[in-house]
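A short write-up of the structure that comes next.
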Amino acid sequence: MLISEAFAQAANGAQAEPSLMSLLPLIGILVIFYFLLIRPQSKRAKEQKLMREGLQKGDEIIISGGELGRVTSVGENYIMVEIAPSVEITVLKAGVQTLLPKGTLKSIDTGKSNRALKTNKSQKASDTQESSDENMSVAPLNEPQKESSDKSGKIQ
């Protein structure tokens with residue numbers, strides 16, 4: 001019993017006050033978080049703010065909802081964006097996500113125009129075929145067939 005009590009006393013006396021070495025891992029983690037998360041995020045926020053302040057008429061943008069358009073007028077907090085010919089919407093400047101290079105809207109293939117062209121071509125082709133069919137007299141395909149019978153009188 002004397003030996004176990006001696007170990008217990010030694011364990012209580014071994015605790016030292018926190019030193020700089022024990023805080024070093026915590027400081028290291030904070031430095032890593034600053035350089036990997038906080039600094040790049042604040043830099044990105046500053047670039048976004050400068051981009052929004054520098055918006056002018058004619059700029060092509062993407063707003064946070066995903067709509068693409070051209071800026072038609074700029075106010076202090078709001079901008080007017082043309083998203084289609086003669087369709088304008090009012091957008092909060094904070095809703096502008098990306099500034100596109102000039103001419104991007106014309107070069108974007110939405111797929112809608114291609115489908116419309118294909119359907120128009122197929123409709124025109126079917127219309128011309130129908131009109132040529134009307135002009136020509138064609139025998140109907142569903143003519144009644146004559147029933148053949150053998151000597152027993154059964155219909156085959």
Side-chain angles (χ1 to χ4, degrees), residues 11-148 155-156:
N12 288 337
Q15 289 182 354
E17 292 187 25
S19 65
L20 183 60
M21 292 302 285
S22 65
L23 294 177
L24 193 59
L26 182 62
I27 293 170
I29 290 172
L30 290 174
V31 169
I32 290 171
F33 268 102
Y34 174 76
F35 281 109
L36 293 179
L37 298 174
I38 298 169
R39 186 170 170 236
Q41 182 65 28
S42 63
K43 186 177 178 181
R44 224 174 291 129
K46 185 185 282 187
E47 289 173 357
Q48 284 282 89
K49 184 178 178 185
L50 289 174
M51 182 266 304
R52 289 177 181 142
E53 289 174 355
L55 284 175
Q56 49 189 301
K57 184 178 179 180
D59 285 345
E60 296 174 356
I61 60 170
I62 300 175
I63 60 176
S64 59
E67 293 88 359
L68 285 80
R70 182 173 287 112
V71 177
T72 57
S73 67
V74 180
E76 187 174 328
N77 294 322
Y78 297 94
I79 57 173
M80 293 291 292
V81 179
E82 182 181 27
I83 57 174
S86 70
V87 177
E88 290 185 341
I89 58 174
T90 304
V91 178
L92 196 62
K93 270 191 177 180
V96 177
Q97 185 177 15
T98 308
L99 179 64
L100 298 171
K102 298 276 184 183
T104 304
L105 292 179
K106 290 182 182 178
S107 66
I108 292 176
D109 180 25
T110 60
K112 183 176 182 182
S113 60
N114 289 340
R115 280 184 276 164
L117 290 175
K118 287 179 185 176
T119 56
N120 286 340
K121 286 181 183 177
S122 64
Q123 285 177 353
K124 287 180 183 178
S126 65
D127 290 343
T128 57
Q129 188 177 13
E130 287 174 5
S131 64
S132 66
D133 288 346
E134 289 173 359
N135 294 336
M136 298 174 62
S137 61
V138 178
L141 295 175
N142 297 332
E143 290 182 5
Q145 296 179 354
K146 296 180 181 179
E147 298 176 355
S148 63
I155 300 174
Q156 293 179 344

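Scope of the values below: all heavy atoms of this structure, side chains included, with no hydrogens, waters or symmetry mates.
Here the CD-NZ distance, from E60 to K106, works out to 8.0 Å after rounding to the nearest 0.5 Å. Interatomic distance, I32 CD1 to I27 CD1, rounded to the nearest 0.5 Å: 12.5 Å. For the atom pair R70 CZ and I61 CD1, the distance stands at 11.0 Å (nearest 0.5 Å). Here the CD1 atom belonging to I62 is positioned 8.5 Å from the OG1 atom belonging to T104, to the nearest 0.5 angstrom. One finds the CG atom of L100 at 10.5 Å from the NZ atom of K102 (value rounded to the nearest 0.5 Å).
No option in M51, E47, E53 other than E53 meets the side-chain contact (heavy atoms from CB on, under 4.5 Å) test with K49.
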With a 3.5 Å cut-off and sequence neighbours excluded, list the donor-acceptor pairs that the side chains of residues 73-98 form with protein atoms.
from : atom 1 : to  : atom 2 : distance (Å)
E82  : OE2    : S86 : N      : 3.4
E88  : OE2    : T72 : OG1    : 3.3
K93  : NZ     : G75 : O      : 3.2

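The 12-atom threshold is not exceeded at NZ of K46, counting heavy atoms of other residues, nucleotides or ligands nearer than 6.0 Å.
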